[in-house]
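One structure below.
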Amino acid sequence: MNDFPEDPLLGAELDTLAVRAGQIRTHEGEHSEAIFTTSSYVFASAAEAAARFSGDQPGNVYSRYTNPTVRTFQDRMAALEGAEAAVATSSGMAAILSTCMALLKSGDHVVCSRSVFGTTTVLFTKYMKKFGVETTFVAPGDYAAWQAAIQDNTRMLFLETPSNPLCEVVDLPRLAEIAHAKECLLVVDNCFCTPALQQPLALGADIVVHSATKFLDGQGRCIGGVVCGREAEMDEVLGFLRSTGPTMSPFNAWVFLKGLETLRLRMDAHSASALELATWLNEQEDVETVFYAGLPTHNGHELARKQQRAFGGVLSFRVKGDKAAAWRFIDATRVVSVTANLGDTKTTIVHPGSTTHSRLSDKEKSEAGITDNLIRLAVGLESVRDLKADLQRGINAL
Ligand SMILES: *Cc1c(COP(=O)(O)O)cnc(C)c1O
C-alpha cells in the first residue's frame with residue numbers, strides 16, 4: 001500500500017520493492033527487518049486498550065490477526081503484485097481456503113481449471129461442496145467451456161497459469177472479460193510465475209493467491225501463503241483469519257521477506273536454466289515431447305511472451321516408452337531430488353501420473369494429458385551442465 005505521495009518508493013520498480021517495500025524500523029535502527037515474536041501487545045492505558053479493541057485506534061492487539069513482521073511481508077507482497085492489500089496465511093492452501101470462506105457462501109458456484117494443484121481440487125470437491133459450494137471443472141484453455149460453465153449463482157473463476165505440469169497458458173485479460181461480464185471474481189494462483197514474471201491483477205484478475213512455500217521463499221524452508229487484492233475483499237479475508245486462525249507466523253514471514261529480496265534474480269535464473277534444459281531435452285532422440293512455454297513450438301508460447309516476463313522454472317516431458325521407462329529415468333538420476341515439491345534452489349523430478357496427479361481417474365488423466373511416460377522437472381539453481389549430465393543418466397536408463 002505504497003500510494004501516499006510522500007512515499008519514497010512511489011513508482012519504484014519491482015527489484016526495489018522486493019528489497020524495501022513495507023519495511024518498518026524500530027528505535028534500535030536495525031538494518032535487516034526485525035522478527036516480532038510476540039503473541040500480544042501492551043497498551044499505554046485502559047482507554048487505549050479499549051480504543052484498540054473497538055478499532056477506533058489503529059494498532060496491534062494480538063498476533064492472530066496483526067503482527068509487524070507479518071505486516072511487512074503483506075505490504076511487500078501487495079506492492080509486488082500491485083494490489084491494494086495482502087493477507088498472509090499459514091500455507092498456500094490456507095490462502096485458497098480463506099479466500100473461499102471469506103468471499104463465498106452456501107449456494108454459490110465456482111468454475112475451476114481442471115489443471116490446478118491437486119489439493120486445490122480436493123478443497124473444492126470435498127470440503128467446499130460439504131458447505132454447499134459446487135464446482136465445475138473446465139480445460140484451462142477452453143474459453144467457450146469457461147463461459148458455458150458459468151451459472152446464475154457462479155461467483156468465482158479459479159485457475160493457475162501456466163498450468164502444472166503441461167505449462168498450458170491461459171489468456172488472463174480474455175478470461176477476466178468472461179468473468180466480469182457475469183460479475184464473477186477471477187482468482188489466479190500465481191505460484192508458478194510469482195509477481196517477478198507475471199502480475200495477474202494488472203491483466204484483469206481480481207485476486208491473486210500464492211503458496212509462499214514455493215518460489216517466494218525459494219529455498220524450501222517454510223510453509224506459508226498470501227492473498228492479494230482490493231482492500232474491501234482483503235478486509236473480509238483478514239476477518240476470516242481473525243475468527244479462525246490460519247495465520248502466518250512472524251518467523252516464517254521473516255524467512256519469506258529474505259526470500260523476496262532475491263526473487264527476481266532467482267526467477268530469471270530458474271527461467272534461463274529451464275529454457276536451456278527444455279531446448280536440450282527437445283533435441284534428444286529418446287524424448288518424445290517437451291512441454292515448456294519458452295519453446296517456440298509450445299502452443300502457449302506467444303501468449304506467455306505477452307503476459308509473462310520469462311517462462312518460469314517448471315517443465316515436463318514425455319519419454320519414449322511406458323511408465324516403467326519413466327520410472328527408470330527418474331531412478332537413474334543422482335543429483336536432482338525425487339520429490340513433488342517445486343520452487344526450490346534444488347532441482348526436483350517427479351512422475352505426475354503416480355504422485356501429484358494420482359487422484360485423477362484414467363479418463364481424467366488422459367483428458368489432462370497426464371500420460372504414464374510424463375516426467376516433471378522443477379529446475380533449481382544448480383549448474384545447467386551438471387543437470388544435463390544428470391538427466392543424461394536418465395536418458396541412458398531408458
Ligand atoms: C504448493 C501449491 C499450493 C499449496 O501450497 P501449500 O503452501 O503447500 O499449502 C497451491 N497452489 C500451487 C500451484 C502449489 O504449487
Side-chain angles (χ1 to χ4, degrees), residues 1-23 70-89 92 95-96 98-99 102-103 156-162 169-177 179-180 184-212 214-216 218 224-238 248 253 256-257 259-268 271 303-310 312:
M1 284 176 287
N2 291 295
D3 51 0
F4 303 107
E6 67 271 22
D7 185 344
L9 295 181
L10 186 70
E13 297 196 61
L14 186 123
D15 284 345
T16 310
L17 297 174
V19 173
R20 293 193 175 272
Q23 184 163 11
V70 175
R71 190 172 66 238
T72 302
F73 171 70
Q74 293 176 157
D75 288 352
R76 192 166 295 176
M77 278 307 300
L80 293 176
E81 286 288 5
E84 286 176 12
V87 178
T89 56
I96 301 171
S98 302
T99 303
L103 302 175
M156 181 186 285
L157 273 53
F158 188 101
L159 78 154
E160 298 166 16
T161 177
V169 184
V170 179
D171 188 331
L172 289 177
R174 186 166 172 189
L175 200 57
E177 208 169 296
H180 297 156
C184 299
L185 293 169
L186 181 61
V187 181
V188 177
D189 182 334
N190 199 25
C191 172
F192 271 45
C193 275
T194 82
L197 303 188
Q198 172 175 270
Q199 289 166 307
L201 299 178
L203 296 165
D206 300 286
I207 292 173
V208 166
V209 295
H210 276 284
S211 168
K214 312 294 168 53
F215 290 105
L216 298 185
V226 63
V227 189
C228 308
R230 287 180 286 265
E231 194 114 36
E233 277 140 4
M234 293 310 101
D235 279 350
E236 293 294 322
V237 175
L238 183 62
M248 179 178 283
F256 294 133
L257 280 168
L260 287 181
E261 292 180 5
T262 56
L263 179 66
R264 209 266 308 157
L265 292 171
R266 286 187 288 103
M267 292 314 290
D268 283 356
S271 300
L303 189 53
R305 278 169 59 106
K306 257 199 290 182
Q307 63 185 28
Q308 299 173 208
R309 265 194 57 251

Tell me whether [X] contacts the main-chain N or O of [Y] through its side chain, where contact means a donor paired with an acceptor under 3.5 Å.
{"X": "R76", "Y": "E261", "answer": "no"}
{"X": "Q307", "Y": "V170", "answer": "yes"}
{"X": "Q199", "Y": "L80", "answer": "yes"}
{"X": "S98", "Y": "V237", "answer": "no"}
{"X": "R230", "Y": "D206", "answer": "no"}
{"X": "Q308", "Y": "V169", "answer": "no"}
{"X": "D15", "Y": "R264", "answer": "no"}

What verdict does the side chain to side chain donor-acceptor pair (under 3.5 Å) test give for T16 and R20, after you've listed the backbone C-alpha separation in whole Å, the side-chain angles of each residue and the deciding distance to 0.1 Å?
CA-CA 6 Å; T16 310; R20 293 193 175 272; over 6 Å; no

Closest heavy-atom pair and its distance - [X], [Y]:
{"X": "A85", "Y": "A78", "value": "C-CB, 3.9 Å"}
{"X": "M267", "Y": "S271", "value": "O-OG, 2.7 Å"}
{"X": "A179", "Y": "L186", "value": "CB-CB, 4.2 Å"}

inquiry  = Please determine whether side-chain contact (heavy atoms from CB on, under 4.5 Å) holds for the pair L172 and L159, giving the CA-CA distance in whole Å, both sets of side-chain angles, and the decisive distance to 0.1 Å.
reply    = CA-CA 10 Å; L172 289 177; L159 78 154; 4.2 Å; yes

ask   = Given the rule in the side-chain contact (heavy atoms from CB on, under 4.5 Å) test, do D268 and R309 qualify, once you have shown the distances and angles that lead to the verdict?
value = CA-CA 9 Å; D268 283 356; R309 265 194 57 251; 3.3 Å; yes

Taking side chain as C-beta onward, heavy atoms only, is [X] less than 4.5 Å from [Y]?
{"X": "Q74", "Y": "M234", "value": "no"}
{"X": "V226", "Y": "E81", "value": "no"}
{"X": "L216", "Y": "P195", "value": "yes"}

Kindly compute the distance separating CE (M77) from CG (L263), expressed to the nearest 0.5 Å.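 The CE atom of M77 sits 8.0 Å away from the CG atom of L263.
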
Practice prompt. Would you give the length of the straight line joining atom CD1 of I96 to atom CZ of F158, rounded to the nearest 0.5 angstrom?
Written response: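 If we round to the nearest 0.5 Å, I96:CD1 and F158:CZ are 4.0 Å apart.
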
